[in-house]
Amino acid sequence: MAAIEIKKNVYWVGVVDWNIHDFHGYSRSPEGTTYNAYLVLDDKITLFDSAPQKFQWDLYHQIRSIIPLEKIDYIVCNHIEPDHAGAMPFLMEHIRPEKVVCSKMGHRMLLDHFHQPDWPYHVVGTGDTLSLGARTVHFLETRMLHWPDSMFSYIPEDKLLISNDAFGQNLATSERFDDEVDFGRLMSATSHYYHNIVLPYSTRVLEVLAEVGKRGWQIDMIAPDHGIIWRSHVADILAAYQAYAEQKTGKRAVVVYDTMWHSTEKMAKAIADGIMETGVGVRVMSLKEYHHSDVMAELATATGIVCGSPTHNNGILPLMADFLTYMKGLRPAGRIGAAFGSYGWSGESVAAITEWLKSAKVDVVEPGVKAKNVPDHAKLAECKDLGRRVGQAIIERVQSRA
Ligand code: FEO
């Protein structure tokens with residue numbers, strides 16, 4: 001996709017990765033992604049961020065369509081994760097810039113990744129500025145959004161915030177702006193991204209949003225490094241991030257399970273019925289059909305997470321272990337949980353899931369339900385009752401926050 005001018009003399013020179021479905025090896029990106037880089041033409045011509053090594057020539061041609069690469073004076077490296085800095089060695093050969101601008105942590109990480117002590121590093125921190133001529137870039141370190149080195153670059157003359165991973169989405173489109181795509185699709189992709197990549201750092205998100213507000217930055221465009229650029233919904237994306245980070249989830253639950261011979265699946269449906277009886281919305285998801293990142297996206301608005309697995313080799317099935325590990329790392333807060341599962345002889349799965357949930361700081365409704373071999377009508381009624389207890393706990397949790 002051709003480079004486009006997003007502001008006077010500011011160009012998107014990014015790359016669209018149409019077909020990627022596996023994002024960083026842990027999250028699904030069903031609609032591809034983009035690696036956004038921005039070129040500012042000023043007295044000091046400056047490139048903000050780059051692309052993965054795999055796309056270095058695509059980036060080259062994008063930039064070359066505007067100017068020869070050797071005309072670039074500065075490269076600002078807002079974040080050195082390889083999806084934004086993998087092309088750096090290639091760019092350094094072609095550009096030979098006067099400065100490579102990065103945070104203190106970015107400097108360390110650039111050295112760790114590329115082992116090039118002689119690059120012309122220019123380390124900046126929060127509050128530092130860099131004149132480009134008619135423009136001055138203001139830097140704000142945004143540690144843990146998404147790595148310790150991350151930072152924002154703000155250009156007041158353009159009311160432009162280059163936000164790196166924050167406010168991004170995995171969405172490969174021929175459109176570049178928020179008012180050119182379906183808003184529901186855009187927000188769904190934004191939420192999926194947040195709840196699989198940014199969620200553990202929600203406290204930092206709130207701090208960064210407060211910091212941006214405190215600085216009184218006038219922003220009429222947010223240009224993230226993945227997906228669509230925000231120009232018509234700037235207030236909406238800022239409000240969405242505030243809401244995501246506060247994790248004020250609603251009267252919804254996710255029942256997630258794996259199953260061998262469908263006994264645990266029968267239990268999942270009965271529990272869902274019990275939850276629905278309380279008026280709480282529910283989504284039932286089999287881990288054989290849904291990727292763990294899609295379950296986390298569903299949990300974005302849900303207060304309840306009910307997990308089921310049959311007992312397998314005195315433990316739980318691998319897909320459930322995978323999900324619980326993944327969810328715990330993403331640190332969802334304020335959730336209500338419960339455990340269930342069938343078993344043939346030893347029956348450890350419910351206790352194991354309960355412990356997993358507690359270790360993830362989920363408040364567990366106990367006791368969970370175990371069913372020997374195939375659940376009968378009475379056992380399914382027990383499952384339904386567990387669903388009602390979970391639904392009630394969710395209602396109380398949501399009301400307590402009101
Ligand atoms: Fe898109 Fe943390 O890199």
Side-chain angles (χ1 to χ4, degrees), residues 12-38 47-56 58-59 62 75-89 91 100-114 139-153 161-173 176 186 189-205 207-208 222-230 237 241 244-245 293 296-297 326 329-331:
W12 173 85
V13 289
V15 176
V16 181
D17 192 350
W18 295 100
N19 293 308
I20 188 172
H21 281 176
D22 175 356
F23 189 69
H24 295 14
Y26 58 82
S27 182
R28 215 168 63 88
S29 55
E31 297 196 84
T33 196
T34 73
Y35 312 106
N36 298 337
Y38 301 97
L47 177 68
F48 291 82
D49 300 322
S50 64
Q53 183 185 31
K54 175 181 170 185
F55 291 99
Q56 59 195 20
D58 302 75
L59 180 63
Q62 289 286 67
I75 300 176
V76 174
C77 208
N78 282 310
H79 177 31
I80 65 84
E81 192 164 8
D83 51 336
H84 307 295
M88 277 298 287
L91 290 176
V100 171
V101 183
C102 56
S103 66
K104 189 173 168 187
M105 286 302 292
H107 180 216
R108 282 190 212 162
M109 288 186 164
L110 281 165
L111 289 172
D112 287 347
H113 277 72
F114 302 115
F139 298 101
L140 173 64
E141 289 180 82
T142 56
R143 285 187 178 212
M144 304 320 296
L145 298 184
H146 148 241
W147 275 11
D149 64 305
S150 301
M151 63 181 188
F152 285 174
S153 296
L161 178 66
I162 298 173
S163 62
N164 196 258
D165 280 328
F167 314 119
Q169 340 84 41
N170 288 321
L171 204 51
T173 54
R176 289 275 53 83
L186 173 59
T190 303
S191 176
H192 194 290
Y193 183 94
Y194 184 96
H195 291 94
N196 283 284
I197 290 148
V198 187
L199 183 63
Y201 315 116
S202 289
T203 306
R204 284 291 299 135
V205 170
E207 289 169 358
V208 167
I222 297 179
D225 278 6
H226 295 290
I228 289 292
I229 296 167
W230 304 89
I237 182 59
Y241 257 55
Y244 298 159
S293 61
M296 285 309 299
Y326 186 68
L330 286 166
R331 294 183 237 148

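For ligands, and for the atoms within them, numbers begin at 1 and follow the listed sequence.
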Protein N/O/S atoms closer than 2.8 Å to atom 1 (Fe) of ligand 1 number 4
Inset, instruction - Consider only side-chain N and O atoms of S191 and H195, and report whether a donor and an acceptor are under 3.5 Å apart. - result: yes
Which label fits H226 and H24: parallel for a plane angle under 30°, tilted from 30 to 60°, or perpendicular past 60°? perpendicular
- Query: Which word best sums up how the rings of Y244 and Y241 line up, parallel for under 30°, tilted for 30 to 60°, or perpendicular for over 60°?
  - Reply: tilted
Task: Geometric class of the F23/Y193 ring pair [parallel <30°, tilted 30-60°, perpendicular >60°] - done: tilted
Exercise. Any chance you could lay out the side-chain hydrogen bond (donor to acceptor under 3.5 Å, both in side chains) test for H79 and D225, step after step, and finish with the verdict?
Key: CA-CA 10 Å; H79 177 31; D225 278 6; over 6 Å; no
| request: Return the orientation label for the F167 and F152 ring planes: parallel under 30°, perpendicular over 60°, tilted otherwise. | output: tilted
